[in-house]
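Lettering follows sequence order; numbering is per chain, from 1.
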Amino acid sequence: MVARVWAGAPGLWPRKGGGLSGRGACRFAAQVEYIGQRRTRVEDARLVQGQGRYVSDLAWPGQLVMAVVRSTHAHARIRSIDGSEALRSRGVFGVYTARDLGALNHPMPMGIVDNSFEPALQTPLAADKVRYVGEPVAVVLAEDRYLAEDAVEKVRVEYEPLEPVIDLAEAAMDRVLVHEARGSNVLGGFEHTVGAGEAALANADVVLEEVLRIGRVSGQPMEPRGVVARYDAEQGVLEVYLGTQSAHGAKGHLVAMLGLPPEKVRVVAPDVGGGFGVKMGAYPEDILAAYLALTLGRPVKWAGDRLEEFLATNQEREALHRVKLGVQRDGRIVALVDRFLQDCGAYTPMGSLIAHTTAINLAGAYRVPNLYVSYQLVATNKVPVGPYRGAGRPQGHFIIERMLDRAADRLGLSRIEIRRRNLIPPDAMPYDTGLVLRTGDPIAYDTGNFPEGFEALLAALEPRLEARRQAARRQGRWVGLGVANYVEISAAGGFEGAIVEARPDGTFVVFTGAVAQGQGHRTALAQVVAERLGVPFESVTVVEGDTALIARGVGTFSSRTMVMAGNAASQAAIAMRQELMAAAARELEVAVEDFEWEEGRIGVRGVPASALTVGEVVQRLLRSQDRVRTEAYFSAKGATYGFGSHGVIVEVDPATGGVSLRDYVMVHDGGQVINPLLADGQIIGAAVQGIGTALYEEIRYDPQGQPLNTTYLDYLLPGSAEMPDFELIHQRYAATNNPEGFKGLGEAGIIPSMAVVLSAVEDALATGGVSAFFSATPVTPEAIFEAINQGGASHEAASV
Amino acid sequence: MKPPAFEYYCPETLDEALGLLAQYGAEAKVLAGGQSLMPMLNMRLSHPGVVIDINRLPDLDRVTVEGTSLRVGALVRHAELEHSALAATHCPILPAAERLVAHLAIRQRGTVVGSVVHADPAAELPLVWLTLGGELEVRSTRGSRTIAPEAFYLGYFMTDLSPDELAVAVRFERPAAGHGWAIEEFARRAGDFALCAAAAVVEWDATRGVVQRVRLGLGGVGGAPVRLDEAVAPLVGAVPEAALVREVAHRVGQYLDPPDDLHASRAFRLHLAEVLSERALRAATRRAQAKEVQGA
Amino acid sequence: MTTRQIRLTVNGQERMVEVEPRWLLADVLRERLGLTGTHLGCEHGVCGACTVLLDGRPVRSCLLLAVQADGHAVTTVEGLAQDGALSPVQEGFRQEHGLQCGFCTPGFLITATYLLEQNPRPTREEIREALSGNLCRCTGYQNIVNAVEWAVRQLAERNVSQP
């Protein structure tokens, strides 16, 4: 079942057999196989020639450029705003504050449905009070960005500074309130018990307690957020071009904020330069640009810059966990207890999504018979928290994986062995974790062979360890191995749709509400549709990201698109095939059962002369109907569960604390994979982001709430020279909750990478006689230096 | 992130440039490679009324050997010094240092003199200039003068250069033939400013088998690079055994006063200073000794 | 406000444009000359998305005033394909899935093109080092390195067949 495939190697993927036999009346001879094939992308020819069209590339005659005046205080009352000098600045069209917006300036809707708590929602412009550095207080419209920034510098805002609250634990004590009217910074909470919960700790031989902290990071897509809005007065339609992961979601927010009928708002996501979760939900700039374009009748463009990406785009991760893990002497888990504080920043644009996802990921790939989790959502005077790739999955796994390392060390077991003893075995599938999705469905892992995957990982890595150790020792360096497992819970809730339209030239166009930001949907969905239709790949074009072309849609996040849109496209294609076969049968006056569809021709079996081309069938149909379309909307029950396992051999320079990643192997079960080239790309890209969180990235604030690293000189993204070449091992256990057997995999790579890197660094230090436990991310050279200095506990652990 | 408005001058002669500097003084910024100035402008951290672009001045784009020094004109780009045969021959530490400066594209545009004058305390070129010794050639309508690195760096991004002065070249003192050299730094990622950097030059007395002259410089440990003559004094005239080098390196901390900042604590920087000093001294010594063997 | 008339040779074509001196080369390319393939990712010279060739050498077009390029030759991503055929580096990125969202890609293509002009047979390590001044958030770099190696092989074959 395990196929060893090196990243980038072609064609070794096991193919799913069977397909969808028994569906439809006609013989379903799959003449072409596209699902599971490595194909280069149809997107790329444009993009490598600089012909992509991103929001910042768009311009219309008469366009005004918007720039935002942002709070320089983390917590302050706004006494006054004087835009008069800015208004006199060259090329300036207008300056707008909350007062000018009138009724528009009401709280923006949450980006998800979440009734679990009363949210704290931001208004497009701060009216009385600012709650984080970067919060919009006014906007300027000018002829170009240069002139707009000149004017921003001239807007005088008088603040009455208030004491801010930055530290998460301190915020939970409510000495300083971010939202006075709420009476507390704790905006909401949650608890859940599996089995006997905390009481089961009494049955454990050993109970380990730790405080674990996860640093705040920023998604940082290479394209900053941006929007261009224009009002078509003749049609009465507001068109909004937006760098977003959810065109339909954005349309919903605009409709709600502007009070327009849905048919009068069109949102288009053109090429989107990365998303990773942060290009979702309602952002002030989107609403403001749309509102100003609507009221002024001129196109309005805001192309956010990198500074704004740091100051005003949702960030993630930051949380403080107090954890207990009870284990038997043999290493088996008895109970896990986690009480954590989730930093929300100043507002809750995406509800409790991250905290809840963290909670339901705590069991990881292991049998955890008893579990208790509770969290509190805590407001602080920092940039609002919203999803960043993983959105809680890495955090939940960080907790269980770190605690397993701790337990192994305490029990004198190897960190590998303790995992072997707790992995969920294949004969336990489907395995109900006792945890529950937000949709109310149980989290029951349906397919997979976790031990097989883990052993494949070990077989790849363990034999190299000793040679690496010896070679490094000669240079005074220490080498360690870290391993971690995960289950990617993805594509839970909602739906996605696909419309397949047949054209008279025999080609097909697919419309979907999904929105790619680099995933390659136009290639992958075309593979699905071409195979299910039985037509050449080249004859299928996918169009996405436009609310005018498909009325209903959800968008691309949570590794959902191939599961939702992929199955919708599959079903729409199957329906189209049936429709065209039926039409051809009517035309040729024969029974559908006698038909075959080969090489773009539909005809009677054995009578090639009788055959019609697909285009001819479509042309006949178009004599009596205005278009030939099928559509399908798919909603997977529950979620998909993709297992995976990471292992890394790191080398530590004990003199400097420098860490080099030597060998990084990943096992992943993506179910039925559509395009291995693209799947590997997602997994590797995500792993590098995870390494960023583990080793390099952290948004830091001073006690006054001033962000300390808002440039790429200070906020360190992983670079090409530091990243390793990854080796991938694939498993394929098809999902059971969707006909195609697809599993989400977009977030897989990031899930265990924090845990695995920290574990490997500790293992390396152990070979030098240093017993360390890193309880916080990121692990910087300085943290390693301190761990070595103290001969054991890291500074984070020591300060707890 | 767009520059604020400024008056732009692009003088074609040195006299014209000096005249503009005399006229505008502190109101003006000199634009050479722009790899430090332009980010400051884009972030609007600097609002110069006047920008004087010196890229079209003649004769400033040369690397030459003049007497005991290697002279680098104000328009020599990092990449040019990195690949300069003269530098490789006479001051091989310079190409090595250049390879550590930022990234490929930045080195194509940024200038050596610009880096020296910008005075980032963690930058490689100020460190190497201080370690090798040399002079900055400075011109103004008032005349010309030279400034030694010891006198030039006054603190964080602060130098002895007056607002009306233009640095037209930097001279690096050429160490004795057959010297050993090394630059060792620790940065979080390739091309980042170093958390700490050490440069060492060792001249070898082959007849006695001892160190004849040694210089050690450290960067990233305070407001300006530091040269540690006193700390390395025990090496002069001595056989550079590992224990002695280690002892010397472990004493450098006494001479340093690094700050706590976002990227590293004072304690970690002091530790790195010792580690990198030892590595640099050892590597420079090894090189010096290897050359002796080669020469014999 | 004073403006200046400048003359640029962009992708082999001479272009005259009247610009305010503070305008960045990247903005003039994008907004005045319609060449939006050059992307602005950070505007402080770190991400490398805006990298173009100035007289054949890679520079950050966000750290260069357009007036500074007066009289010089600029090559952007739009100028890499010849006669409608993708360059080996462009083709390598397509073949090896060296791009996802495509936003950083123009800067990588320009840098890699220069690298292979200077060093037609770089090692994997040399490729990673040369590209370390370009940030990509999607790919994790591995396929970008593969893409450059694809181009290296392609160029080597060409040189064999066209001695």
ask   = What part of A/Q51 gets closer than 4.5 Å to chain C, counting heavy atoms only: side chain, backbone, both or neither?
value = neither

Heavy-atom proximity to chain A below 4.5 Å, by part of C/E78 = both

task = Could you check which of A/Q517, A/R90, A/Q220 has the highest count of heavy-atom pairs closer than 4.5 Å to chain C?
result = A/R90

ask   = chain A: which of C/A49, C/C138, C/G37 shares the most heavy-atom pairs with it under 4.5 Å?
value = C/C138

Nearest non-hydrogen partners of C/C101 and A/V272, listed with the distance = CB-O, 3.6 Å

query = Could you give the distance from CG (C/N143) to CG (A/D680), rounded to the nearest 0.5 Å?
reply = 8.0 Å

message = For A/D57, which atoms come within 4.5 Å of any heavy atom of chain C: side chain, backbone, both, or neither?
response = both

request  = Go through the atoms of A/L307 and report whether side chain, backbone, both or neither lie under 4.5 Å from a heavy atom of chain C.
outcome  = neither

ask   = Taking atom CD of C/E18 as the centre, does the number of heavy atoms from other residues, nucleotides or ligands within less than 6.0 Å exceed 12?
value = yes

query = Quick check: are there more than 12 heavy atoms from other residues, nucleotides or ligands sitting under 6.0 Å from CD of C/E126?
reply = yes

task = Identify which of C/T105, C/L80, C/T76, C/L86 forms the greatest number of heavy-atom pairs closer than 4.5 Å to chain A.
result = C/L86

query = Looking only at heavy atoms, which two atoms of C/F103 and A/G273 are closest? And how far apart?
reply = CB-CA, 4.0 Å

query = Judged by modelled atom types alone, do C/Q100 and A/Q682 share a side-chain donor-acceptor pair under 3.5 Å?
reply = yes

key: Part of A/R53 within contact of chain C (heavy atom distance under 4.5 Å)   = side chain

key: Heavy-atom contact with chain C under 4.5 Å, split by part of A/P718   = both

query = What part of A/R46 lies closer than 4.5 angstrom to a heavy atom of chain C: side chain, backbone, both or neither?
reply = neither

note = Answer key: most heavy-atom pairs under 4.5 Å with chain A among C/G102, C/G34, C/G133 is C/G102

request  = Give a yes or no answer on whether the side chain of C/R137 reaches the backbone of A/G219 with a donor-acceptor pair at less than 3.5 Å.
outcome  = yes

key: Heavy atoms from other residues, nucleotides or ligands near CD of A/E538 exceed 12 (cutoff 6.0 Å)   = yes

query = Highest number of heavy-atom pairs under 4.5 Å with chain A: which of C/R94, C/Q90, C/R124, C/H97?
reply = C/H97

request  = Output the option from A/L713, A/L678, A/I691 having the highest count of non-hydrogen pairs under 4.5 Å with chain C.
outcome  = A/L678

C/E20, part contacting chain A, at a heavy-atom distance under 4.5 Å = side chain

request  = Among C/S132, C/C42, C/P106, single out the residue with the greatest number of heavy-atom pairs under 4.5 Å to chain A.
outcome  = C/C42

ask   = Atom CG of C/L40 and atom CZ of A/R145: how far apart are they, to the nearest 0.5 Å?
value = 10.5 Å

request  = To the nearest 0.5 Å, tell me how far C/Q142 CD sits from A/I684 CD1.
outcome  = 4.0 Å

inquiry  = Can you tell me which portion of C/R22 sits under 4.5 Å from chain A's heavy atoms? Options are side chain, backbone, both or neither.
reply    = both

ask   = Taking atom CG of C/L99 and atom CD of A/E43, what is their separation to the nearest 0.5 Å?
value = 8.5 Å

note = Honestly, the part of C/R30 sitting under 4.5 Å from a heavy atom of chain A is side chain

remark   = Looking only at A/G692, A/A516, A/G681, A/A687, most heavy-atom pairs under 4.5 Å shared with chain C are made by A/G681

task = Answer with side chain, backbone, both or neither: which region of A/Y54 has an atom nearer than 4.5 Å to a non-hydrogen atom of chain C?
result = side chain

query = Taking A/I683, A/T711, A/D305 one by one, which has the highest count of heavy-atom pairs under 4.5 Å against chain C?
reply = A/T711

ask   = Would you call A/D725 and C/R128 a side-chain contact if the rule is heavy atoms closer than 4.5 Å?
value = yes

note = When the 4.5 angstrom heavy-atom criterion is applied to C/L109 and chain A, the contacting part is side chain

ask   = Between A/Y146 and C/L24, is a side-chain contact (heavy atoms from CB on, under 4.5 Å) present by the stated rule, with each step listed?
value = CA-CA 10 Å; A/Y146 291 75; C/L24 304 173; 3.5 Å; yes

message = Please report the interatomic distance OG1(A/T40) to CD(C/E91), rounded to the nearest 0.5 Å.
response = 8.0 Å

message = Can you tell me which portion of C/Y141 sits under 4.5 Å from chain A's heavy atoms? Options are side chain, backbone, both or neither.
response = side chain

Gap between atom CE of A/M222 and atom NE2 of C/H39 - 0.5 Å precision = 13.0 Å

remark   = So, the part of A/V688 with a heavy atom under 4.5 Å from chain C: the answer is side chain

